[in-house]
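Note sheet for the following structure.
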2 protein chains.
Amino acid sequence: MQAGNLSIGDLGHQTGTKVETIRYYERIGLLSAPARTAGNYRSYTKDHLNRLSFIRRARDLGFSLEQVRALLDLSDDRKRSCSAIDTIAKEHLSEVDRKIADLKALRRELNNMITQCSCGTVADCRIIDSLSP
Amino acid sequence: MQAGNLSIGDLGHQTGTKVETIRYYERIGLLSAPARTAGNYRSYTKDHLNRLSFIRRARDLGFSLEQVRALLDLSDDRKRSCSAIDTIAKEHLSEVDRKIADLKALRRELNNMITQCSCGTVADCRIIDSLSP
DNA sequence: GCTTGACCCTGTAGTTGCTACAAGGTGCAT
DNA sequence: ATGCACCTTGTAGCAACTACAGGGTCAAGC
């Protein structure tokens, strides 16, 4: 493998992604096909690493692959009009805010359980209430 | 439908869940089978509504069904030892903290894009960097 | 009281997003 | 030159829905 470039296994290790998943992202056009070595091995750059890391973390946050694609397009598509970027970004922003609020409520309940446990009491668990309507 | 009780469609509307998905959760034992009306319709209670709301929002936050099951068990299983609850809750807590941090970074970048857009400039987009290694 | 339409039922097949092989090639160390 | 860890394509399976098909229920309106 050439200096500065990464094998598919390297990329997998550094992002916590299975090799098969990386090839799957390439197949569906989410991650661009990298250069190949003489022996037909995929040879990735730092850009691929950053992009894959973004994809994985956005997925972990509950965004669908199509939403991830839209977020990546915000970054890629220089031809897109400013107002379009603005609209899409604002949509995602409100979704992100909602998720942060939900996670904070869940966090509070988990924390309650831990502190109650360590002081020996088992008070009523309100974990379901934390994410109820 | 009896007073105070909910049809599967009501439950779907109030939680943003497809009817088929609710039946799927029942089939895999995530949501308990409700009482039936004379006409064999499912008749849900407020408890079902709260539990389903929790499931949907936890799924939206990127937890797997098995993780959701574990979180619900924390609330259900009164026989579980305090130290077990403590361990599981702490694991989930650190994952929740990581997700909050990632969402805040993403939020910051989306916000940057919006403010840049509204003042007419199109500076370099750093959205990918926000969730890079 | 009978029809119409919105809802519900079970069952099964399809989609998304991976994940796990199988069968074989590459490349470096001993 | 022979392991061994890694890579290749291809296909099949799994998780978590999602979308029918084919039929039953029920309240509203004529």
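The shown structure was predicted, so the numbers you read here are calculated from the model rather than taken from an experiment. Sequence lines set the chain letters: A, B, ... in the order given, protein chains first and strands last, and positions in each chain run from 1.
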Map B:I55 and B:G39 onto DNA chain D by nearest heavy atom, then report which one ends up closer to the 5' terminus.
B:I55
Considering just the side-chain nitrogens and oxygens of A:S7, establish if one lies under 4.0 Å of OP1 or OP2 belonging to D:dC6.
no
Contact under 4.0 Å: A:R59 side-chain N or O vs C:dT16 OP1/OP2:
no
Using only side-chain N and O atoms of A:T21, determine if any of them is under 4.0 Å from OP1 or OP2 of C:dT19.
yes
B:R36 side chain, from C-beta outward: closest of C:dC18, C:dC9, C:dC21
C:dC9
Selection from D:dG24, D:dC7, D:dT18 that lies nearest to any side-chain heavy atom of B:Y41:
D:dG24
Within the structure, does a side-chain N or O atom of A:R27 lie under 4.0 Å from either OP1 or OP2 of C:dT16?
no
What about A:Y25: does its side chain form a donor-acceptor pair under 3.5 Å with the base of C:dG17?
no
side-chain N/O A:R42 vs D:dT8 OP1/OP2, d < 4.0 Å
yes
Proximal nucleotide (of D:dG24, C:dC18, D:dT8) relative to the A:R23 side chain
D:dT8
Closest to the 5' end of DNA chain C, once A:I28 and A:A38 are matched to their nearest nucleotides, is A:I28
To the nearest Å, give me how far apart CG (B:D10) and C1' (C:dA6) are.
13 Å
Which nucleotide, D:dA19, C:dC18, D:dA16, lies nearest any side-chain atom of B:Y24?
D:dA16
Roughly how many Å is it from CD1 in B:I8 to C1' in C:dT10, rounded to a whole number?
12 Å
Is the cationic atom of A:K18 (NZ for Lys, CZ for Arg) positioned less than 6.0 Å from the six-membered ring centroid of A:Y24 and within 45 degrees of its normal?
no
Has the side chain of B:R57 got a donor or acceptor atom that lies under 3.5 Å from a matching backbone atom of A:L131?
yes
Considering only side-chain heavy atoms of B:T37, which listed nucleotide, D:dC26, C:dC21, D:dC7, is closest?
D:dC26
Rounded to whole angstrom units, what separation is found between the CD atom of B:E26 and the P atom of D:dA16?
17 Å
Whole Å only: how far is the CD atom of B:E20 from the P atom of C:dT15?
16 Å
Round to a whole Å and report the spacing from CD1 of B:I22 to C1' of C:dC9.
14 Å
Can you tell me the distance, in whole Å, between the CG atom of A:L65 and the P atom of D:dA16?
15 Å
Stepwise side chain to side chain contact (heavy atoms under 4.5 Å, CB included) test for B:F54 and B:L71
CA-CA 10 Å; B:F54 179 87; B:L71 284 165; 3.9 Å; yes
Could you tell me whether a side-chain N or O of A:K99 sits under 3.5 Å from a main-chain N or O of B:L103, the two making a donor and an acceptor?
no
Between B:Q67 and B:S64, is there a donor-acceptor pair closer than 3.5 Å when you use the side chain of the first and the backbone of the second?
yes
Atom NZ of B:K18 and atom P of D:dC20: how far apart are they, to the nearest Å?
11 Å
Rounded distance (Å) that lies between atom C1' of C:dC7 and atom NE2 of B:H13:
11 Å
Checking B:E66 against B:R69 for the salt bridge (charged side-chain N to carboxylate O under 4.0 Å, His left out) test, could you report, in this order, the C-alpha distance in whole Å, the side-chain angles of both residues, the deciding distance, and whether it holds?
CA-CA 5 Å; B:E66 282 321 296; B:R69 211 187 284 271; 3.3 Å; yes
